[in-house]
Amino acid sequence: MSTSVAQALLDKPIVNPHLAAPLKLGSLELKNRVVMASLTRNRATAGAANGDMLKYYVQRASTGLILSEGTLVTPQGIEWPEAPGIYDARTTGTDGKSSSASIGWKSNVDAVHKAGGLIFAQLWHLGRVAHPLLQGSVPAPGPSAVKAEGGKFRHLVGEPGYVTPHAIADPSQYALLYRKAAEHAKAAGFDGVELHGANGYLVNQFIDGVSNVRTDKYGGSPENRARFALEAIDHLIDVFGAGRVGIKLSPSGGYNTMRGGAADLPVYTHLVKELEKRGIAYIQVVRFLPDFSAGGEAVDVGVLRALVSKTKFFANGGFTAAEAEEWVKDGKADAIVFGRSVLNTPDFALRAVRGVEPNKDTKWGELYVVKDGDRSIGYSDYPFWGCAECNKVGQSGEGCPHN
Ligand code: PHB
């Protein structure tokens with residue numbers, strides 16, 4: 001292993017001390033404020049996490065906290081053919097058959113822990129944007145029979161487009177799916193769970209006034225539109241304890257044709273106040289990004305930040321290390337969630353706190369797609385600092401094995 005290269009990086013002075021500082025999160029301590037974002041990579045095996053994923057996550061164990069890619073609470077809620085799930089013993093990795101093939105989350109989580117990392121499972125249901133071809137004969141569910149506009153199904157046969165969902169009769173049954181998934185996540189050894197309440201998926205569909213036109217206790221007022229999220233959160237708290245539960249929110253809307261903006265802000269403020277009362281570990285808020293949030297309306301994330309003190313505040317959205325340092329220094333966030341930088345730079349956390357640039361190249365063509373049968377390309381072959389060889393060979397989580 002690369003003592004010289006890795007050590008040369010570690011020997012550089014810390015120039016972003018606020019980003020480098022540990023963070024107490026419930027009973028956990030994050031070793032720095034660089035959090036790895038949930039990133040869809042579409043590389044599971046029939047819904048189960050696998051050894052390729054293990055390698056990829058272990059490489060990124062120097063981040064203060066890894067948020068797993070969106071992980072399905074039920075096979076019904078699927079859009080990507082190879083998104084992982086956490087809804088049975090096989091996908092959890094507790095069926096006793098998994099360890100040699102690293103199938104299921106447990107072996108992945110164990111490996112991240114061994115490499116000194118912490119990992120939360122992001123619990124995901126696609127709701128109305130689930131792909132109809134992937135869920136057998138079960139129709140896509142949503143709060144109301146209102147379909148998303150446009151279409152973005154990208155790697156499946158058939159026309160891109162969305163289906164009109166059936167309106168869920170009893171939302172509490174869907175909230176229970178998150179509870180069951182949290183039980184599996186606990187069995188897999190995850191350090192905590194994040195409710196995916198952002199980006200136009202099921203929880204967000206209940207919050208947003210365009211996708212939710214219900215007239216029962218789950219629709220209408222801010223209290224009613226926040227109800228589904230809070231029911232799910234309360235299940236997660238029951239399973240993990242409040243200090244190990246987070247939520248992701250995207251109040252600016254846009255992605256998956258969410259409205260967001262001023263019209264939905266009262267739902268977010270009610271929801272965040274309730275989350276603060278419960279003392280959950282953190283809320284992660286995606287700020288307005290011109291591409292990702294297009295069609296939405298910018299909300300100043302500071303409005304929500306001001307509502308929490310016990311609960312930590314994570315900001316997400318195209319941050320550089322320098323900007324992240326400023327935000328943490330100024331108290332605008334307790335930690336920053338990085339997607340693109342951690343995607344192409346496995347040792348990004350170690351670099352960011354030292355002001356060392358991330359890798360330049362991102363293999364966007366392999367973001368969701370395995371190239372030429374080589375599952376590492378554009379996935380676990382991004383170079384560690386200072387090593388061109390890393391382009392060719394996979395890594396251990398300790399750092400670059402070359403040199
Ligand atoms: C996606 O698969 O495009 C995706 C998934 C989860 C997100 C955002 C985007 O939160």
TODO: Report yes if the side chains of Arg128 and Pro141 come closer than 4.5 Å at any heavy-atom pair, otherwise no.
DONE: no

Open item on the list: Side chains of Val303 and Tyr268, heavy atoms from C-beta outward: is any pair under 4.5 Å?
Closed with: no

Using the test salt bridge (charged side-chain N to carboxylate O under 4.0 Å, His left out), find all partners of [X] that sit at least two apart in sequence or belong to another chain.
X	value
Arg354	none
Arg225	Asp264
Asp110	Lys106

Open item on the list: Here's a test for you: under side-chain contact (heavy atoms from CB on, under 4.5 Å), which of Asp208, Ile207, Asn224, Val272 qualifies with Val267?
Closed with: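 It is Ile207, the one option of Asp208, Ile207, Asn224, Val272 that forms the side-chain contact (heavy atoms from CB on, under 4.5 Å) with Val267.
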
Task: side-chain contact (heavy atoms from CB on, under 4.5 Å) partner of Phe120, chosen from Val109, Asp191, Val193 - done: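 For Phe120, the side-chain contact (heavy atoms from CB on, under 4.5 Å) test succeeds with only one of Val109, Asp191, Val193, which is Asp191.
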
Task: Trp80, Trp124, Tyr56, Tyr57 screened by side-chain hydrogen bond (donor to acceptor under 3.5 Å, both in side chains) with Glu69, the one that passes - done: Tyr57

Distance (rounded to the nearest 0.5 Å) between [X] [atom1] and [Y] [atom2]:
X	Y	atom1	atom2	value
Trp385	Asp347	CH2	CG	9.5 Å
Lys217	Glu223	NZ	CD	14.0 Å
Lys186	Thr94	NZ	OG1	14.5 Å
Leu230	His235	CG	NE2	11.5 Å
Asn316	Leu249	CG	CG	11.5 Å
Tyr178	Thr74	OH	OG1	10.0 Å

Quick one: do [X] and [Y] make a salt bridge, cutoff under 4.0 Å?
X	Y	result
Asp291	Arg340	yes
Glu274	Arg278	yes
Asp234	Arg227	no
Arg43	Asp52	no

Open item on the list: Checking salt bridge (Lys or Arg N to Asp or Glu O under 4.0 Å) between Glu323 and each of Lys332, Lys329, Arg287, which is the one that passes?
Closed with: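 So, applying the salt bridge (Lys or Arg N to Asp or Glu O under 4.0 Å) to Glu323 and each of Lys332, Lys329, Arg287, only Arg287 qualifies.
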
Open item on the list: Does atom CG (Asp361) have a neighbourhood of more than 12 heavy atoms from anything else shown, all under 6.0 Å?
Closed with: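 Counting neighbours around CG of Asp361, 12 or fewer heavy atoms of other residues, nucleotides or ligands fall under 6.0 Å, so no.
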
Task: Lys310 atom NZ, neighbour heavy-atom count above 12 within 6.0 Å - done: yes

In terms of side-chain heavy atoms, does [X] have a donor or acceptor partner in [Y] at a distance below 3.5 Å?
X	Y	answer
Tyr174	Glu231	no
Arg351	Asn359	yes
His18	Glu325	yes

